[in-house]
Amino acid sequence: MSPIKCIGLLTSGGDAPGMNAAIRAVTRSAIYNGMTVKGIYRGYKGLITGEIVEFKTQNVSNIIQRGGTILKTARCMEFKTPEGRKLAYENIVKEQIDALVTIGGDGTLSGARIFAQEYNIPVVGLPGTIDNDLFGTDVTIGYDTALNTIMECVDKIRDTASAHERLFFIEVMGRDAGFLALNGALASGAEAAIIPEISTEKDQLSEMIEQGIRKSKNSSIVLVAESEITGGAMGIAERVKKEYPDFDVRVTILGHLQRGGSPSAQDRIMATRMGAAAIDALLEDQRNVMIGIQNEQIVYVPFSKAIRNEKAINRDLLNVLRITSS
Ligand code: F6P
């Protein structure tokens, strides 16, 4: 019999499509294994203020297809302080929660890690972020849906880009990672991607123009990863206006629409597998690990590795993009 009788479940940080599928899987797997589930609203904020409600199997009915998170989410500054975490722990004791399952990105896992160290409570994390920037997992929950959204948007922008023979810079999310920009460019047949991972190594804009981005084409689309390092789509477009005034340039920032929508089949399946694996991990006495997927297999990644290591982008894909868009 597992010593864990009750788990607390929360989503934190930026929402990602598939979080609800993960909530459903964690809840049902926990109940299947005889545990009680307490849903914590608004991430760490709700843990501090005590917004905690018992979740039964019907609480998670009819949510697998919904974007956002039924538990709501927040970016909680108070949890970054020892005083905030103390209040959170008091609610853990009050609610008789034996372990936590947290769903979110880098900030969520960092919070989980420090909390687990301070209060010796088992925590398992699920990687929920559209950015795909967590080390130790091939993909994160929400990334595939966001990529599909980007692809659909670029397909539409291409119509007008082509009609007006313009150069479009389309900014996509990713915090400081270029996964959405690079793979979004491959999926939509964009001419290039400007990503933070190589921004300090070379001037991607001048290289792109020198390679004759529009030699044989009358319109071009370039995906730019949001980041101070790339300068974002606005920054790049300003440069083009000054340095290459012949181009008719436009900018589109896709913004938060990338975070919405019904999760793709892949995100639902992955979130479901990872959610069930979180309960398996607790039953196996694992603690302070993130559930990851590597080569289709579930893996346990220590928080220290998932957070600290920078996940490398596959640079070969830049070459594939360059060749296939030439
Ligand atoms: O981490 C997910 C993410 O969508 C990033 O891609 C983006 O930089 C950030 O969150 C935006 O955060 P917020 O919704 O708080 O503005």
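Every number for a ligand or one of its atoms is a count from 1 in the order of the listing.
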*Is it true that a side-chain atom of Glu152 and a backbone atom of Thr149 form a donor plus acceptor pair closer than 3.5 Å?*
no
*Closest non-hydrogen protein atom to atom 15 (O) of ligand 1, residue and atom name please, with distance?*
Arg75 NE, 2.8 Å
*Hey, does the Lys NZ or Arg CZ of Lys311 hover above the aromatic six-ring of Phe179, less than 6.0 Å from the centre and inside 45° of the axis?*
yes
*asked:* As an exercise, state the distance from OG1 of Thr49 to CG of Asn91, rounded to the nearest 0.5 Å.
replied: 7.5 Å
*Considering distance alone, does some N or O of Met173 sit under 3.5 Å from an N or O of ligand 1?*
no
*asked:* Tell me the protein heavy atom at minimum distance from atom 16 (O) of ligand 1, and give that distance in Å.
replied: His256 NE2, 3.4 Å
*By number and element, which atoms of ligand 1 are closer than 4.0 Å to a non-hydrogen atom of Glu226?*
5 (C), 6 (O), 7 (C), 8 (O)
*Report yes if the side chains of Ile236 and Ile194 come closer than 4.5 Å at any heavy-atom pair, otherwise no.*
yes
_I'd like to know if the side chain of Glu191 reaches the main chain of Val222, judged simply by a donor and an acceptor atom lying under 3.5 Å from each other, with no hydrogens or angles considered._
no
*At what distance is the nearest protein heavy atom to atom 1 (O) of ligand 1, and which residue and atom is it?*
Asp131 OD2, 2.7 Å
*Say whether Gly105 and ligand 1 are in contact under the criterion: heavy-atom distance to a ligand atom below 4.0 Å.*
no
*Which residue holds the protein heavy atom closest to atom 11 (C) of ligand 1, what is that atom called, and what is the gap in Å?*
Arg259 NH1, 3.5 Å
*Are the aromatic ring centres of Tyr44 and Phe115 under 6.0 angstrom apart?*
no
